[in-house]
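Given the structure is predicted, the values throughout are model-derived calculations rather than measurements. All heavy atoms count here, side chains included; hydrogens, waters and symmetry mates do not. Counting convention: from 1, in listed order, for ligands and their atoms alike.
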Amino acid sequence: MDVTPGGQTQILERAGTGVRPAALDVSVVIPVHNEKDTLPALHQRLTRVLRGLDVTYEILFVNDGSTDGSGEVLASLCPNDPKTRVIELRKNFGKATALSSGFWHARGQAIVTMDADLQEDPEEIPRFLERLRQGYDLVVGWRFPRQDTFSKRVQSWIYNRLASLVSGTSLHDMNCGFKAYRREVVQTVRLYGELHRYIPILAQQYGFRIDELTIRHHPRQFGKSKYSFHTRWPGVLDLVTVVFITRFDRKPLHLLGGVGLAWFGAGFLICLYLSWLSLFGGQFIRNRPLLLLGVMLMMLGLQLFFFGLLAEMFIHYHHRNDEGYIRTILETPQAPGEGEP
Ligand code: UDP
Ligand code: MG
């Protein structure tokens, strides 16, 4: 099954994004941290769904440093099923790293991610693939109605509203683990730390077309959620990172230089005023706190400005022209013998 609209596979693969060609139609990538009880049922349901589709597929579990025996359960699934692969991380690195390891090794033209806890139904995968086929690059699940604790629902609501506000996306459930990606998306977006929460914002930066799909959600049957309030709130800091890298990563001087110049200007005006008082008013200014503020603003402003310039130099030396901006290149293949002498 071709998930690209109008069968444009070949064109997309040559689209200058550094995209490695896909060997399969679909990869399902599942990050796993201490989920031993759901894994056999998840594997069975996934296999049933994927076999029912007219696709070549693989199921790729990423064991993110589980300590509950999930590794052994996954190892027992593999020998019976050549379509299942398991990536074992050395320790628990977090979901973003688990996903990016899975993305790196996935061979599918479409890549579906879902959590391992069976709070979502693998039977919804065909609906996600259908949306990709309609031309979307990223399809984000919206768990509705959400079957989590009240506090988690409130946190999630605040987080989604905040993220939408600062990024301009209108998604309801950005952090939903159930998503489907066209291959170029996962090879373009860089994931580390806890940035998996903001994949749609990172993808939007490159102009990928994003859609949302309502999915059924179930309460967690086994194990515990890996995220609580104290593990979630640093996500606000990640949002600052995401806003900075999506808005200013190619023009850091616009932010740092702008703020730096404003501070420098304010400090300069203060010092000018004090100099005038001293020179023409005969006032004693050495003991005035305003002098300290003026000098500090000028120095900090200059520093910020030069940080901005350094950041620009860094980008200048690391910028590559093939960083995933291109959707397609339309060109007519030349017949053999034609073209330049
Ligand atoms: N997970 C992971 N590494 C971690 C934490 C979580 O791979 O460090 C996986 C976890 O096994 C699950 C998914 O990420 O498959 C989502 O975790 P969880 O269900 O605990 O999150 P929640 O649904 O409660 O937000
Ligand atoms: Mg869950």
Under the 6.0 Å and 45° cation-pi test, does Lys83 pair with Tyr57? yes

Please state which protein non-hydrogen atom is closest to atom 7 (O) of ligand 1 and give its distance, to 0.1 Å? Pro31 CB, 3.4 Å

Contact check, Gly94 vs ligand 1, heavy-atom distance below 4.0 Å: yes

Given a cutoff of under 4.5 Å between side-chain heavy atoms of I, L, V, M, F, W and Y, with clusters grown through shared members, what are the other residues clustered with Phe264? Leu253, Leu261, Phe268, Leu272, Met298, Leu302, Phe305, Phe306, Leu309

Atoms in ligand 1 flagged as close to Arg232, the criterion being non-hydrogen separation under 4.0 Å: 25 (O)

Show the nearest heavy-atom pair for residues Leu129 and Leu53, with the distance to one decimal. CD1-CD1, 3.9 Å

When you check the side-chain N and O atoms of His33 and Asn63, is any donor under 3.5 Å from an acceptor? no

Using distance alone, determine whether His33 and ligand 1 share an N or O pair under 3.5 Å. yes

If you compare all heavy atoms of Gln119 against all heavy atoms of Arg220, which two are closest, and at what distance to 0.1 Å? NE2-N, 3.6 Å

For Gln221, look at atom CD and say whether over 12 heavy atoms of other residues, nucleotides or ligands are found less than 6.0 Å away. no

Atom indices of ligand 1, in the order listed, that fall short of 4.0 Å to a heavy atom of Lys152: 22 (P), 24 (O), 25 (O)

Tell me the protein heavy atom at minimum distance from atom 14 (O) of ligand 1, and give that distance in Å. Lys95 CD, 3.3 Å

Geometric cation-pi criterion Lys152 and Phe150, 6.0 Å radius, 45° cone: no

Taking only Lys NZ, Arg NE, NH1 and NH2, and the carboxylate oxygens of Asp or Glu, determine whether Arg153 and Asp148 approach each other closer than 4.0 Å. no

Nearest 0.5 Å, what's the CD1-CG distance between Ile201 and Leu239? 6.0 Å

Flag if over 12 foreign heavy atoms under 6.0 Å of CZ, Phe314: no

Check whether the ring centres of Tyr136 and Phe208 lie less than 6.0 Å apart, and answer yes or no. no

Ignoring angles and geometry beyond distance, decide whether Ala116 reaches within less than 3.5 Å of ligand 1 through its nitrogen or oxygen atoms. yes

For Asn92, take its heavy atoms, then give the atoms of ligand 1 lying under 4.0 Å from any of them. 3 (N), 4 (C), 8 (O)

Would you check if the side chain of Asp238 reaches a backbone N or O of Leu195 as a donor-acceptor pair within less than 3.5 Å? no

Checking a contact table here: which protein heavy atom is nearest atom 19 (O) of ligand 1, and how many Å away? Asp117 OD2, 2.7 Å

For Lys226, is at least one N or O under 3.5 Å away from an N or O on ligand 1? yes

Less than 4.0 Å is my threshold; does some heavy atom of Arg146 fall inside it relative to ligand 1? no

For atom 21 (O) of ligand 1, what is the closest protein heavy atom, and at what distance to 0.1 Å? Tyr227 CD1, 3.4 Å

Salt bridge or not between Lys91 and Asp64? Use side-chain N to carboxylate O under 4.0 Å. no

Do me a favour and list the nearest non-hydrogen protein atom to atom 23 (O) of ligand 1 with residue, atom name and distance? Gln119 OE1, 3.6 Å

Within the 2.8 Å cut-off the protein N, O or S neighbours of the Mg ion (ligand 2) are Asp117 OD2, Gln119 OE1

Side chain, backbone, both or neither: which part of Asp64 has a heavy atom under 4.0 Å from ligand 1? side chain

Nearest 0.5 angstrom please: Asp117 CG to Asn34 CG, how far? 12.0 Å

Return the closest protein heavy atom for atom 10 (C) of ligand 1 as residue, atom name and distance. Glu35 OE2, 3.2 Å

Atom 18 (P) of ligand 1 - nearest protein heavy atom and its distance: Arg220 NH2, 3.6 Å

